[in-house]
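The chains referred to below are lettered A, B, ... by the order of the sequence lines, with proteins before strands, and numbering in each begins at 1.
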2 protein chains.
Amino acid sequence: MKKVSLKDIATAAGVSTALVSYVLTNKEKEARVGEEIAKKIREIARKLNYQPNHIARSLKSGRSFTIGLIVADISNPFFGNIARTIEDEAKRNNYTVIFGSSDESSAKSDDLVNVLLNRQVDGLIITPAEGSEHQLRQLQAQNIPFVLIDRFFPEIMASHITVDNYQGAKKAVEHLIRKGRQRIGMIAYKTTLHHISERKRGYQEALQAHGFSASRSLLKTARYSHLKEDMQLAIDQLLNSRHRADAIFFATNSLAIEGLKYINERGIRIPDELAIITFDETDALDLFYCPITFVRQPIPEMGKAAVRVLLEQINQPHKGIEHICIDTTLVVRKSCGKRR
Amino acid sequence: MKKVSLKDIATAAGVSTALVSYVLTNKEKEARVGEEIAKKIREIARKLNYQPNHIARSLKSGRSFTIGLIVADISNPFFGNIARTIEDEAKRNNYTVIFGSSDESSAKSDDLVNVLLNRQVDGLIITPAEGSEHQLRQLQAQNIPFVLIDRFFPEIMASHITVDNYQGAKKAVEHLIRKGRQRIGMIAYKTTLHHISERKRGYQEALQAHGFSASRSLLKTARYSHLKEDMQLAIDQLLNSRHRADAIFFATNSLAIEGLKYINERGIRIPDELAIITFDETDALDLFYCPITFVRQPIPEMGKAAVRVLLEQINQPHKGIEHICIDTTLVVRKSCGKRR
DNA sequence: AAAATATGCTTAAACGTTTAAGGAAGCAAG
DNA sequence: CTTGCTTCCTTAAACGTTTAAGCATATTTT
């Protein structure tokens, strides 16, 4: 039960494979194929249920119509959602998606890039891990089209899609200030990645702009790889000090979730004892007894933009890079309390 | 800056491409390649940074070392987690994963299967949508290896990995009974899919076994495509009737999340006014003010099993099908209250 | 009526691999 | 000195497409 190939159709129709190819790829006009025979070929193709072999086509054309997606972790809903919009958008353009999770490790990411390139992906959409600059430079040297999403490296000239992390963070903190919070803490990942730095900067500048000293002791970090321990320590420090924090701004959804678990454990009441605000949306935040106010990243837009820019880069190699920065929205729930 | 091919290495070494191929695929022994020249070839390959063209290899071998994964929705953490374990396990076996989301639609699923097969995937891991039996039969007729995960069709003889949905549901309901709940409702998807039927059956038989009449009016369903409206209606019906439900068993995590949102909206207190139990784990359930008791499906085991069985089927076509049924665990939190 | 153009098809090479088959050279055995 | 066996390498076909080039035959133009 072998698959049907052009040759089978050609034999059945008593013509050459070339003719079949022309007809089935709708090049009848250019190839001046007779109407009769074209109809016959189509007929036979349908009857034999011909399905083109994409691999052979790719080998010939040098294009696989496949894009590689590297995220930190596909099981994280933020990346799952990104993957979903990229999948849909890719499909609209007749592309399929191969994916891989880097776990924020540049070594794993190296490995993934290699695997995906050997599979001849036409381009990559990457959420780069910390320390993966060399890898991106290599891609550039090889002229492989790629687009960064969620983060980027300022020193690397490459197309990227991000949200305005600085403004987003600023909005979040200003919201807390408006709600009368006096000692606003922040918990971020311990990383030099630019999106996190920008969120930190937004936090700090918002505080300064409103006359608060952005005391270092209120900005805590946790390691991705030791999230639980570091988170507990950070929260303990924020809440046990002489000047207890009365608000916490989490830099990402995974931080918020981990943090809230511990805050629940400690029996701290939101928003009375502590206001909470975070980047990113997730079901968990909706379901919290006191729905969490958050900074929304428009994931569908980001995903669509990523695919669009990547395909442009694939199809028009000399188009130049594109930086897309999308605004965030502050979605106010109840976790910051009322004005006081 | 074209990619380096076997031919380039052959030219550089002054030998034929065949020899290069033998060496680089470690077939020196069988092909009796001279030590000297083998070393030289390897050396050159390294220097030119040769990366094999997977597409060409696939065309020749008829195998792509790619598996297709079709889930209902990659952005749902349950499927995201499945995807993640499958990704990892596939990678361990030098396979990559192409994925697609069917949105529980058999038409979309048809489409996806087609796309993935044209990409010459070696096999498929599928969470089949309702009404997709014909598609699976077609795959069987074409001798395409595939494994079902999460659900299956009893009338179709195919390998599948599931959990013991019947026992899982039974455990959940019995837990509620032990906690003294008298009117236990269930909300499931409106579907004939077997895993859901089994959960319903577990629910009903548990009730009967303990002398409760499994009154139809306590078993509600919601459409995947109209989740929000149907959910609100179902909960209203369960809670507004003369015999108000004092417990709800949700058949999946997405149902639980949607349901809990509405329960929150209505201001119903868990577990005092209403006990909650659900299938599947998710962060949202942990973070709920009253952590939700749930039936855990061992996702990593399921994913690993799926890859294992699929690869067996790919490599030993006459091995026969395999049915793997994994036990669930009841994870008790606080949402069912204390005994009363 | 010869030349030019149009029409409808085939041939053959190419993409980058893999691998069966073949061949030249060297050497041992008869 | 033929025969046969190693050893080491090459040739060439194949996988399923795409597509430039070529070749008849028919039709139009001069």
Output side-chain donor-acceptor pairs under 3.5 Å for residues 124-131 of chain B, partner residues at least two apart or in another chain, one line each.
unit_1	atom_1	unit_2	atom_2	d
B:T127	OG1	B:I70	O	3.2
B:T127	OG1	B:A72	N	3.3
B:E130	OE1	B:T191	OG1	3.4
B:E130	OE2	B:T192	N	2.8
B:E130	OE2	B:T192	OG1	3.0

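Between the side chains of B:R42 and B:Y50, no donor-acceptor pair of N or O atoms lies under 3.5 Å. Residues A:S75 and A:D73 have side chains that bring a donor and an acceptor to within less than 3.5 angstrom of each other. A:T96 and B:R119 share a donor-acceptor pair across their side chains, judged by distance under 3.5 Å alone. No donor-acceptor contact under 3.5 angstrom links the side chains of B:T66 and B:Q120, judged on distance only.
A search for side-chain contact (heavy atoms from CB on, under 4.5 Å) contacts involving A:H195 returns A:D150, A:R151, A:N165, A:L193, A:R199, not counting sequence neighbours. Residues passing the side-chain contact (heavy atoms from CB on, under 4.5 Å) test with A:Q51, sequence neighbours excluded: A:K3, A:N49, B:N114, B:N118.
Considering every non-hydrogen atom in both B:N53 and B:I55, the closest pair reads OD1-N, 2.8 Å.
The distance between atom NZ of A:K27 and atom C1' of D:dA20, rounded to the nearest whole Å, is 13 Å. Summarising the geometry, the separation between OH on B:Y22 and P on D:dT11 is reported as 13 Å, rounded to the nearest angstrom. Rounding to whole angstrom units, CZ of residue A:R32 and P of D:dA21 are separated by 13 Å. Rounded to whole Å, the distance from NZ on B:K29 to C1' on D:dC8 is 15 Å. Between the P atom of D:dC8 and the NZ atom of B:K39 lies a distance of 16 Å, rounded to the nearest Å.
With respect to B:K39 and B:E35, no salt bridge is recorded, no charged nitrogen being found less than 4.0 Å from a carboxylate O.
A 4.0 Å heavy-atom criterion places the boundary nucleotides of DNA chain C facing chain A at C:dT7 to C:dG16, written 5' to 3'.
Note on A:S5: only backbone sugar-phosphate atoms sit closer than 4.0 angstrom, heavy atoms only; bases stay farther off.
Along DNA chain D, the nucleotide nearest to B:T17 and the one nearest to B:A38 differ in position, and the one closer to the 5' end is contacted by B:A38. Between A:T25 and A:K7, the residue anchored closer to the 5' end of DNA chain D is A:K7, taking for each the nucleotide with the nearest heavy atom.
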message = Please evaluate residues B:Q135 and B:S106 with respect to the criterion side-chain hydrogen bond (donor to acceptor under 3.5 Å, both in side chains), reporting the C-alpha separation (whole Å), side-chain torsions for both, the decisive distance (0.1 Å), and the verdict.
response = CA-CA 9 Å; B:Q135 176 187 113; B:S106 78; over 6 Å; no

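Relative to the axis of its first five pairs, the axis of the last five pairs of the helix from C:dA1-D:dT30 to C:dG30-D:dC1 sits at 70°, rounded to 10 degrees.
The backbone N or O of B:T17 lies less than 3.5 Å from no partner atom in the side chain of B:S21, so there is not a single donor-acceptor pair.
Of the residues in residues 43-62 of chain B, those lying under 4.0 Å from DNA chain D by heavy-atom distance are B:L59, B:K60.
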